[in-house]
Chemist: 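Quick one: the structure is below, and I'll ask about it shortly.
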Amino acid sequence: TTSTSSSSTEEPELRSPILCILGHVDTGKTSLLDKIRSTNVQGGEARGITQQIGASFIPVENIRDQAKDLAERLKFEFKLPGLLLIDTPGHESFNNLRSRGSGLCDLAILVIDIMHGLEAQTIESINLLRMRKTPFIVALNKVDRIYEWRPCRNVDIRESLKVQSRHAAQEFDSRVKDTVAQLAVQELNASLYWKNPDHRKYVSLVPTSAVTGEGIPDLMVLATQLMQKIMAEKVTYRDELQCTILEVKTIEGLGATVDAVLVNGVLSEGDKIVVSGFGAPIVSTIRSLLTPPPLRETRVKTQLIPNKSVKASMGVKIVAPGLEKAVPGTSLLVCTEDDDLEDLKAQAQSEIDSVLNDVETS
Ligand code: GDP
């Protein structure tokens with residue numbers, strides 16, 4: 001409603017893109033997540049934050065620090081507030097989201113083990129991403145396992161490739177070629193990201209190591225760059241509330257809580273909410289909104305902190321009575337003074353119906 005593009009030179013406000021990581025078992029999904037989080041925490045104490053909430057927010061300052069050299073060389077300017085990484089690819093909600101064909105993720109990172117190439121679940125993941133029309137990049141992980149590889153901690157991958165022996169470089173080239181050929185069989189054009197002629201036609205490959213940190217700056221910069229350049233519209237901040245429930249948990253001392261991803265809009269303490277519930281829609285009031293403290297300040301296993309309000313995008317734990325029967329994968333709605341509660345309940349009910357319908361037909 002606000003796009004009067006001709007006159008306005010002001011850049012639109014962007015929200016953090018939502019990233020998810022998927023791929024075959026043992027390719028290094030968890031390790032990559034850990035690496036991204038821990039290299040982003042001074043002192044390296046990342047453990048304990050994330051299982052609390054289902055999504056980790058990586059502020060842009062951290063990405064900037066981590067990818068300083070690479071960003072300088074590319075003259076790359078960060079405009080996004082950060083990246084929001086969904087922690088557990090196995091979330092229940094992903095099944096619901098999958099079957100309902102709606103995508104929570106703005107961009108996916110598909111992890112392939114460079115020593116193994118495409119595996120059964122890699123192909124499943126590709127088909128899933130296609131079905132959801134989710135754009136993705138490939139982390140070609142475990143480069144450090146290439147014979148004679150000389151590890152260069154946390155540097156960008158092209159710097160690392162410069163110091164490799166001829167042998168290691170040749171093996172690297174041939175494994176990249178193999179993966180590109182295997183992706184072609186899946187009817188995907190792929191290219192090392194710095195050689196990619198067209199990001200809309202070719203999938204970018206980012207060689208990484210979750211052990212040495214090589215290629216992690218590249219992964220962060222490329223994800224940011226793609227979202228800023230090609231998908232800016234998708235991550236333009238909107239006031240209209242969009243919030244998806246990932247998980248429902250009852251916690252001692254708090255009662256029923258849901259872990260949710262706030263994709264757009266603002267949630268505030270005291271908001272009247274409508275949620276899809278097994279049985280019937282649930283109407284409740286937000287008692288408290290909890291988020292992990294900013295990564296930068298997290299040195300020890302910390303507690304979640306309460307917020308008066310939370311702005312997208314962010315992972316948030318919502319405390320409200322009666323949420324025990326909330327359905328993961330469905331939307332959380334806010335009933336403002338202008339809304340008709342019965343309309344919202346009907347909307348929540350129709351989401352439940354479509355989820356149950358999908359469960360029956362799948
Ligand atoms: P997931 O099942 O995809 O989450 O894979 P994990 O992160 O659990 O990793 C599986 C195994 O591979 C673990 O033993 C990791 O330590 C190891 N691993 C993961 N990434 C790398 C990597 O980049 N290099 C090496 N050498 N090992 C890795």
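Remember, it's 1-based here, ligands and their atoms both numbered in the order they're listed. Just so it is clear, the structure is predicted and the values come from calculations on it, not from any experiment.
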Chemist: Does the protein put a heavy atom under 4.0 Å from atom 23 (O) of ligand 1?
Modeler: yes
Chemist: Taking atom OH of Y202 as the centre, report whether more than 12 heavy atoms of other residues, nucleotides or ligands fall under 6.0 Å from it.
Modeler: no
Chemist: Report the C-alpha separation of F278 and I352 in whole Å, then their side-chain angles, then the decisive distance to 0.1 Å, and conclude whether the side chain to side chain contact (heavy atoms under 4.5 Å, CB included) test is met.
Modeler: CA-CA 7 Å; F278 290 106; I352 307 171; 5.6 Å; no
Chemist: Nearest heavy-atom pair of V263 and R15: which atoms, and what distance?
Modeler: O-CD, 2.9 Å
Chemist: Who's the nearest protein heavy-atom neighbour of atom 20 (N) of ligand 1, and how far?
Modeler: N141 ND2, 3.2 Å
Chemist: Under 4.0 Å from atom 13 (C) of ligand 1, is there at least one protein heavy atom?
Modeler: no
Chemist: At less than 4.0 angstrom from any non-hydrogen atom of A210, what atoms of ligand 1 do you find?
Modeler: 20 (N), 22 (C), 23 (O)
Chemist: Say you draw a straight line from CZ of R145 to OG of S209; how long is it, rounded to the nearest 0.5 Å?
Modeler: 10.5 Å
Chemist: Is M115 close to I146 at the side-chain level, that is, under 4.5 Å between some pair of heavy atoms?
Modeler: yes
Chemist: Nearest to atom 25 (C) of ligand 1, what protein heavy atom do you find, and at what distance?
Modeler: V211 CG2, 3.4 Å
Chemist: Which residue holds the protein heavy atom closest to atom 19 (C) of ligand 1, what is that atom called, and what is the gap in Å?
Modeler: S31 OG, 3.4 Å
Chemist: Does L332 share a hydrophobic cluster with V274, counting links as ILVMFWY side-chain heavy atoms below 4.5 Å and allowing steps through other members?
Modeler: no
Chemist: Students should be able to answer this: which protein heavy-atom is nearest to atom 21 (C) of ligand 1, and at what distance?
Modeler: K142 CG, 3.6 Å
Chemist: Pick whichever of T27, D26, L32, D113 has a heavy atom sitting closest to atom 2 (O) of ligand 1.
Modeler: D26
Chemist: Tell me whether T208 has any N or O atom under 3.5 angstrom from an N or O of ligand 1.
Modeler: no
Chemist: Indicate, as side chain, backbone, both or neither, the part of R145 found under 4.0 angstrom from ligand 1 when only non-hydrogen atoms are considered.
Modeler: side chain
Chemist: What's the shortest distance from atom 26 (N) of ligand 1 to any protein heavy atom, and which residue and atom give it?
Modeler: D144 OD2, 2.8 Å
Chemist: Can you name the atoms of ligand 1, numbered from 1 with element, that are less than 4.0 Å from a heavy atom of K29?
Modeler: 1 (P), 2 (O), 3 (O), 4 (O), 5 (O), 7 (O)
Chemist: Heavy-atom contacts with H24 under 4.0 Å: which atoms of ligand 1 show up? List them by number with element.
Modeler: 3 (O)
Chemist: To check your reading of the model: name the closest protein heavy atom to atom 4 (O) of ligand 1, its residue, and the distance in Å.
Modeler: T30 OG1, 2.5 Å
Chemist: Could you go through E13 and K311, starting from their C-alpha distance and side-chain angles, then the distance that decides it, and tell me whether this counts as salt bridge (charged side-chain N to carboxylate O under 4.0 Å, His left out)?
Modeler: CA-CA 12 Å; E13 183 185 355; K311 187 174 177 185; 2.7 Å; yes
Chemist: Measure up the F172 and W149 rings against each other and bin them: parallel (under 30°), tilted (30 to 60°), perpendicular (over 60°).
Modeler: tilted
Chemist: Return a yes/no value for G28: is any of its N or O atoms, backbone included, closer than 3.5 angstrom to an N or O of ligand 1?
Modeler: yes
Chemist: Whether the Q164 and S160 side chains hold a donor-acceptor pair (N or O, under 3.5 Å, no angle test) is what I'd like checked.
Modeler: yes
Chemist: Short N/O distance, under 3.5 Å, between V143 and ligand 1?
Modeler: no
Chemist: Test salt bridge (charged side-chain N to carboxylate O under 4.0 Å, His left out) on R64 and E61 and set out the steps.
Modeler: CA-CA 5 Å; R64 214 180 260 135; E61 301 82 58; 5.0 Å; no
